Amino acid sequence: MSPERILLVEDDPDIRAVAELALGSLGGFIVTAVADGPAALAHCAMNEPDLVVLDFLMPGMNGLETLAAIRQRGTRAPAVFVTATMDAPSGFMNTSELGVIGVIGKPFDAIGLAAAIRRLWNEHAVDL
Amino acid sequence: MTGQSSTDGLPVERRRHGDQAAASQQLAAIIIRSQAEFIGSTDRVHAFATLLDDTVRFIGAAHGALHEVQDAAGVDRVEVARSRIGDTGSAPAHAPDLTLPLRQDGRDIGVLLLWRGERGLDAADADTLRPIAALLSQLLEVFRTTRQRREDQRSIARLSQMAQQMRNGMIITDPTGRIDWANDAFLQDLGLEAGDVIGRRLEELTADWQSDADGHAELALQLQAGLPFSGEYRLAAGRRPEHWIQAAGSPYLNADGVPEGLIITTIDISERRRIERMKDDFVSTVSHELRTPLTSISGALSLLEGGVGGELSAPAREMLSIAHRNSRRLSRLIDDLLDLDKIAAGKLRIDLEVRPIMDLIDDAIIENQVYADGCDVRIECVQRVGSVRIEADPQRFQQVLRNLLSNAVKFSPAGALVEVLAQAEDQFVTVQVRDSGTGIPLEFQPHVFDRFTQAGAAPRGRTGTGLGLAISKDLVERMGGQLSFTSREGSGSTFSLRLPRVRGRATA
């Protein structure tokens with residue numbers, strides 16, 4: 001199985017727009033882009049995405065808190081973090097119980113973003 | 001025996017006139033101390049007691065003060081000379097009538113030379129004078145030790161005042177590790193009273209000293225073993241919330257070389273640590289803040305380059321590629337700055353994995369191919385090593401090799417070849433990156449691995465951050481390897497990366 005519907009959680013509107021384009025019309029996914037944790041929760045209450053892509057550092061609920069919250073409400077989709085602080089990954093790569101399949105650093109390669117996410121999916125999502 | 005009385009009991013003034021009248025009775029004496037600075041001699045005839053007393057004073061007196069001593073003692077003529085035994089250059093012109101050695105505890109401490117005008121001195125005089133010489137020896141010795149003690153006391157007082165008043169803290173323990181003494185700066189620094197400290201065990205005092213690396217563990221061990229230590233420590237129970245001191249302890253030895261305790265000096269470095277932390281926070285905040293806009297800039301540029309906006313004209317594509325290339329450069333600069341900061345703070349993580357070295361080399365070459373193509377330079381691996389494996393952090397190894405390759409390309413002329421050679425030895429694997437470029441000027445070679453340095457020869461538009469090699473060297477060393485180079489100006493450079501080889505069966 002390969003993912004079709006992606007939930008993108010990113011607080012920076014410009015990055016959100018770039019990533020939405022890179023994953024959506026260019027990458028071939030059906031993307032729902034939201035700006036923060038509560039919006040992600042609201043989306044998951046009504047929908048079941050195949051993959052969640054989250055910014056790690058966000059005001060209010062950060063990426064990890066957002067993921068924990070949607071997991072609590074039953075969303076099982078694997079997650080990929082996007083982060084500008086590459087110190088963080090070691091911290092949340094241990095959270096495999098949260099279904100994190102990878103980390104992509106910022107600035108990311110927008111053209112290759114969809115391919116990078118498919119690669120992570122193929123390498124790790126089967127383990128979950 | 002006093003300087004103001006004399007054997008004839010005459011007052012000083014009267015005596016002086018009497019002396020002149022009795023010139024034929026003159027007795028002159030000179031004492032030469034082995035190692036002495038002063039020799040006094042006098043032509044006083046009447047009062048040998050006065051002579052002794054005066055002489056002792058001369059020996060103790062400073063050179064410049066001798067004339068005053070002479071006046072006060074009422075001595076008519078005093079000659080002062082610097083001399084040693086056997087050096088008679090400064091003694092009176094004619095040979096002494098009598099020479100008596102001055103000895104103390106079996107040691108020669110000087111010699112007494114005596115003259116007596118016309119009559120001279122004979123053996124009988126010598127017998128009379130010998131006990132006086134002995135007395136004189138004792139006096140000289142007493143005087144010497146007294147003066148020595150006074151000097152010792154003075155230098156001790158000076159040293160202890162210095163230690164007390166210096167701005168660094170200082171404590172001294174006895175051989176059992178109890179604190180004997182602490183200076184004002186130490187007490188003030190730690191907000192303690194002398195009563196809180198003196199007599200306490202050192203371990204109690206340092207129990208809350210925490211270092212960055214291992215907390216208290218190493219310091220405790222060093223103290224237990226009585227070994228020297230130094231480090232920066234946070235005082236968990238310090239006067240301020242972030243109270244840091246730099247402390248160094250070393251044993252102090254007695255005259256026989258036996259340790260008598262520890263001397264520990266401390267400096268309050270709270271302010272420095274606070275500023276360092278601010279700097280660390282600043283660097284990581286700023287780089288995060290920079291990466292956010294950079295993500296949307298480079299993302300947007302790369303999507304445009306990728307054709308999401310439709311077909312672009314050639315000039316538009318060229319402008320886009322310039323903008324995109326430079327956004328990548330900005331990104332690398334931020335990465336380098338962060339790496340450097342992490343290295344300086346000792347926070348850089350190395351995650352070692354066992355990998356086939358050729359996989360890592362091939363990936364690095366592929367990654368640099370686009371850049372090399374842009375410079376019209378070829379990269380080729382001309383010597384391979386099969387399935388040899390190394391233990392390294394793959395990301396960091398790639399980073400180093402990328403850096404070496406991009407440097408080689410950067411300094412190569414158009415049409416040139418950059419060669420990569422892999423070579424396996426028993427314990428190590430060496431990867432060489434060889435270019436036929438401009439080479440590194442001899443005077444620049446010692447600074448190749450310094451930060452923010454670059455030989456000025458890079459062609460326009462191919463500049464770097466000047467941090468790459470500094471970071472690479474550190475990374476390689478952290479992976480247990482070495483990074484070195486050879487270079488001749490005008491005929492290229494070869495950088496060699498050497499890492500430990502992994503033996504035994506491949507594991508998954």
Side-chain angles (χ1 to χ4, degrees), chain A residues 8-29 31 33 35-36 53-59 62-63 80-94 102-117 119-120 123 127, chain B residues 280-281 283-310 320-321 323-343 345-353 366-367 370 393 395-396 398-399:
Chain A
L8 172 69
V9 192
E10 165 65 65
D11 65 302
D12 186 285
D14 292 341
I15 296 177
R16 199 163 62 236
V18 167
E20 195 176 353
L21 188 57
L23 293 173
S25 58
L26 197 72
F29 295 107
V31 181
D36 52 30
V53 176
L54 304 104
D55 183 18
F56 186 65
L57 287 172
M58 292 187 290
N62 70 25
V80 170
F81 276 114
V82 178
T83 177
T85 62
M86 289 308 281
D87 300 335
S90 54
F92 49 68
M93 280 309 276
N94 297 330
V103 177
I104 291 173
K106 283 181 184 174
F108 50 77
D109 167 26
I111 284 286
L113 186 61
I117 281 178
R119 198 156 52 238
L120 286 173
E123 282 171 15
D127 306 340
Chain B
D280 288 352
D281 291 351
V283 169
S284 85
T285 306
V286 163
S287 54
H288 175 246
E289 291 303 317
L290 288 173
R291 273 174 172 167
T292 300
L294 201 57
T295 302
S296 45
I297 292 171
S298 67
L301 292 170
S302 117
L303 291 179
L304 276 177
E305 263 193 317
V308 294
L320 258 185
S321 106
H324 194 200
R325 188 165 67 237
N326 281 282
S327 74
R328 280 196 299 264
R329 197 172 132 201
L330 206 51
S331 165
R332 278 199 306 275
L333 179 57
I334 294 168
D335 292 346
D336 282 357
L337 281 173
L338 268 178
D339 275 354
L340 211 58
D341 195 58
K342 273 188 241 159
I343 288 169
K347 288 181 195 152
L348 191 115
R349 280 169 48 103
I350 296 285
D351 296 317
L352 294 176
E353 286 175 28
I366 290 168
E367 266 201 61
V370 176
D393 181 322
Q395 306 291 333
R396 297 304 187 176
Q398 290 283 349
Q399 183 181 349

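Each chain gets a letter, A, B and so on, in the order its sequence line appears, and its residues count up from 1. Model, not experiment: these values are computed from the prediction.
- To the nearest 0.5 Å, atoms OG (B/Ser321) and CZ (B/Arg328) are separated by 8.0 Å.
- Interatomic distance, B/Arg291 CZ to B/Ser298 OG, rounded to the nearest 0.5 Å: 11.5 Å.
- Taking non-hydrogen atoms and a 4.5 Å limit, the residue list of residues 107-114 of chain A in contact with chain B, ordered by number, reads A/Pro107, A/Phe108, A/Asp109, A/Ala110, A/Ile111.
- In this structure, CG on A/Asp11 lies 7.5 Å from OG1 on B/Thr292, to the nearest 0.5 angstrom.
- In this structure, B/Arg332 CZ and B/Asn326 CG are separated by 9.0 Å, a value rounded to the nearest 0.5 Å.
- Residue-level contacts of residues 12-22 of chain A with chain B, in order of numbering, are A/Asp12, A/Asp14, A/Ile15, A/Val18, A/Leu21, A/Ala22; threshold 4.5 Å between heavy atoms.
- Side chain of B/Ser331 to backbone of B/Ser327: no donor-acceptor contact under 3.5 angstrom is found.
- Within 6.0 Å of CD in B/Gln395 there are 12 or fewer heavy atoms belonging to other residues, nucleotides or ligands.
- In this model, no donor atom of one side chain and acceptor atom of the other lie less than 3.5 Å apart for B/Asp335 and B/Gln399.
- Note that the CD1 atom of A/Ile104 and the OG1 atom of A/Thr83 stand 11.5 Å from one another [nearest 0.5 Å].
- Atom OG of B/Ser287 sits about 10.5 Å away from atom CG of B/Leu333, to the nearest 0.5 Å.
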